[in-house]
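Every number for a ligand or one of its atoms is a count from 1 in the order of the listing. As the structure is a computational prediction, the values presented were derived from the model and not from experiment.
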Amino acid sequence: MPQNKPIPFLDFAAMHAELRPELDAAFQRVLDSNYLILGSEVEQFENEFAAYCDASHAIGVGNGLDALFLILKAMDIGPGDEVIVPSNTYIATWLAVSYAGATPVPVEPDSATYNIDPARIEAAITPRTRAIMPVHLYGQPADMDAIMEIAARHKLKVIEDAAQAHGARYRGRRVGALGDAAGFSFYPGKNLGALGDGGAIVTNDAVLAARLRILRNYGSSVKYHNDVKGYNSRLDELQAAFLRAKLKGLDLGNERRRAVAARLTEGLSGSDLVLPFVPDWAEPVWHLFVVRTLAREALQAQLGERGIGSMIHYPIAPHRQGAYAEMGLAEGALPIAEAIHREVLSLPIWPQLQAEQVERVIQVCLEAAAAGPRA
Ligand SMILES: *Cc1c(COP(=O)(O)O)cnc(C)c1O
């Protein structure tokens, strides 16, 4: 039998090979312009990305964490305020709230979708609550209508953490313009990734957008006139140029991820792995394909032995991280998130993944399930 080539969890070489001429041209354009900060590439990318999200404004910033943090600052959310966050998320969601000086208040997920459970939000609202920050985790939209309805009733802002969901749709509408503002990350591994760090804020609120443009650039709209104590968090011209090239292929890339997800779902449906659940109102973009099993470590080991990359998103819930020890939330405090963190495994999913590679992933998962110790 021929030696099978390893299947990496994510393959930047394959991704970039496809786009090489466009990325080279983008680099040349910026090098020739000698305009490196807040120039026309950023401006054009902002226009193109806002249009892509069906939103009025996009503001390029340094990274996804800054996008979320700057939204909170622009909304004057800070010390003494509480922001509702999912207990099941990447820690950046919580850190954005902490950096703003506010307190993250975790709410458990729906155990079918892994996203924040709207039915549990109201119990977490206090007189200090200012905003809800749902995450479209793994590329699947959160149940936004239910969240918006609760927010309207309690006069709360809604900030989407869309860092994993570029292009996803909720009831036919793109994520990013469903709440008051959204934060996106262009970390290289995201569905729309830069060749380095990058992020953007998307909003339909012109006043908020204007505040954010000032906040990201030293609190200044006119050079050397600083009206507020701002930050330095700008999207680079070079990254904006790369992102413009990659944005053109985002829908096709998401379509290819969808085809991989459909085949993985079909091929694994007979196994006892818990597969992703997609509500009928959701059009996910499959940033990750996450299966759930009590025998996670065994499955990951078997995949590894057969040269197949997999990752755990995420191994430790934010409230169980050293960074949040101050909250005093012991093991068992947020049991749904903790169980998810113990049992999930992400299989390879990227646009250039070949059909035969997908079949091999399915085959190894089925073999592992047949052989592995069941719990
Ligand atoms: C990646 C990510 C972020 C942060 O983005 P960076 O660009 O890495 O700062 C925030 N939230 C979620 C859910 C993410 O996946």
Side-chain angles (χ1 to χ4, degrees), residues 9-10 12 45 49 58-73 83-100 102 104 106-107 109 113-116 131-142 144 147 158-168 175-176 178-179 181-202 212 216 231-236 239-240 242-243 246 254 257 284-290 311-319 321 323-324 337 340-341 344 346 349-350:
F9 179 70
L10 191 64
F12 285 119
F45 173 70
F49 192 62
I59 299 104
V61 296
N63 55 64
L65 175 55
D66 280 1
L68 297 169
F69 157 75
L70 289 169
I71 293 167
L72 292 165
K73 295 301 289 186
V83 177
I84 290 174
V85 294
S87 56
N88 185 49
T89 183
Y90 179 52
I91 196 169
T93 317
W94 289 43
L95 290 176
V97 176
S98 299
Y99 284 163
V107 166
T113 65
Y114 308 142
N115 273 326
I116 194 167
I132 308 170
M133 194 178 273
V135 179
H136 307 305
L137 198 66
Y138 311 146
Q140 163 137 280
M144 290 300 291
I147 293 166
V158 175
I159 301 157
E160 296 171 78
D161 179 343
Q164 301 189 358
H166 320 69
V175 304
L178 301 173
F184 285 88
S185 164
F186 304 126
Y187 179 79
K190 303 291 163 94
N191 289 37
L192 178 60
L195 304 189
D197 276 313
I201 296 151
V202 166
L212 284 160
R216 75 167 169 188
Y231 304 88
N232 176 1
S233 184
R234 303 170 297 215
L235 181 64
D236 285 2
Q239 296 305 339
F242 292 143
L243 286 165
K246 293 185 96 179
N254 285 342
R257 286 174 186 266
V285 287
W286 301 103
H287 174 58
L288 299 171
F289 189 92
V290 175
M311 286 184 75
I312 297 170
H313 297 94
Y314 297 90
I316 304 169
H319 71 280
Q321 299 279 3
Y324 284 101
I340 291 169
H341 283 72
V344 289
S346 306
I349 189 165
W350 27 278

* What residues form a side-chain contact (heavy atoms from CB on, under 4.5 Å) with T113, not counting sequence neighbours? ->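 side-chain contact (heavy atoms from CB on, under 4.5 Å) list for T113, sorted by chain: D110, N115, Q140, F277, P279.
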
* Asked: Between Y231 and F69, is the ring centre distance below 6.0 Å?
  -> yes

* Asked: Hey, would you say the F186 and F242 ring centroids sit under 6.0 Å apart?
  ->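 Between F242 and F186, which both carry aromatic rings, the centre distance is not below 6.0 Å.
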
* **ring pair (Phe, Tyr, Trp, His ring centres under 6.0 Å) against Y314, all qualifying residues, sequence neighbours excluded** => Y90

* **R257 side chain vs W286 backbone, donor-acceptor pair below 3.5 Å** =>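 Side chain of R257 to backbone of W286, a donor-acceptor pair under 3.5 Å: yes, one is there.
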
Which protein N or O atoms sit under 3.5 Å from any N or O of ligand 1? Give atom names and distances.
residue  : atom   : partner : partner atom : Å
ligand 1 : 5 (O)  : S185    : OG           : 3.2
ligand 1 : 7 (O)  : G64     : N            : 2.7
ligand 1 : 7 (O)  : S185    : OG           : 2.6
ligand 1 : 9 (O)  : G64     : N            : 3.3
ligand 1 : 9 (O)  : L65     : N            : 2.9
ligand 1 : 11 (N) : D161    : OD1          : 3.2
ligand 1 : 11 (N) : D161    : OD2          : 2.7
ligand 1 : 15 (O) : Q164    : NE2          : 2.8
ligand 1 : 15 (O) : K190    : NZ           : 3.0

* Results of side chain to side chain donor-acceptor pair (under 3.5 Å) for T93 - residues two or more places apart only -> T89, D161

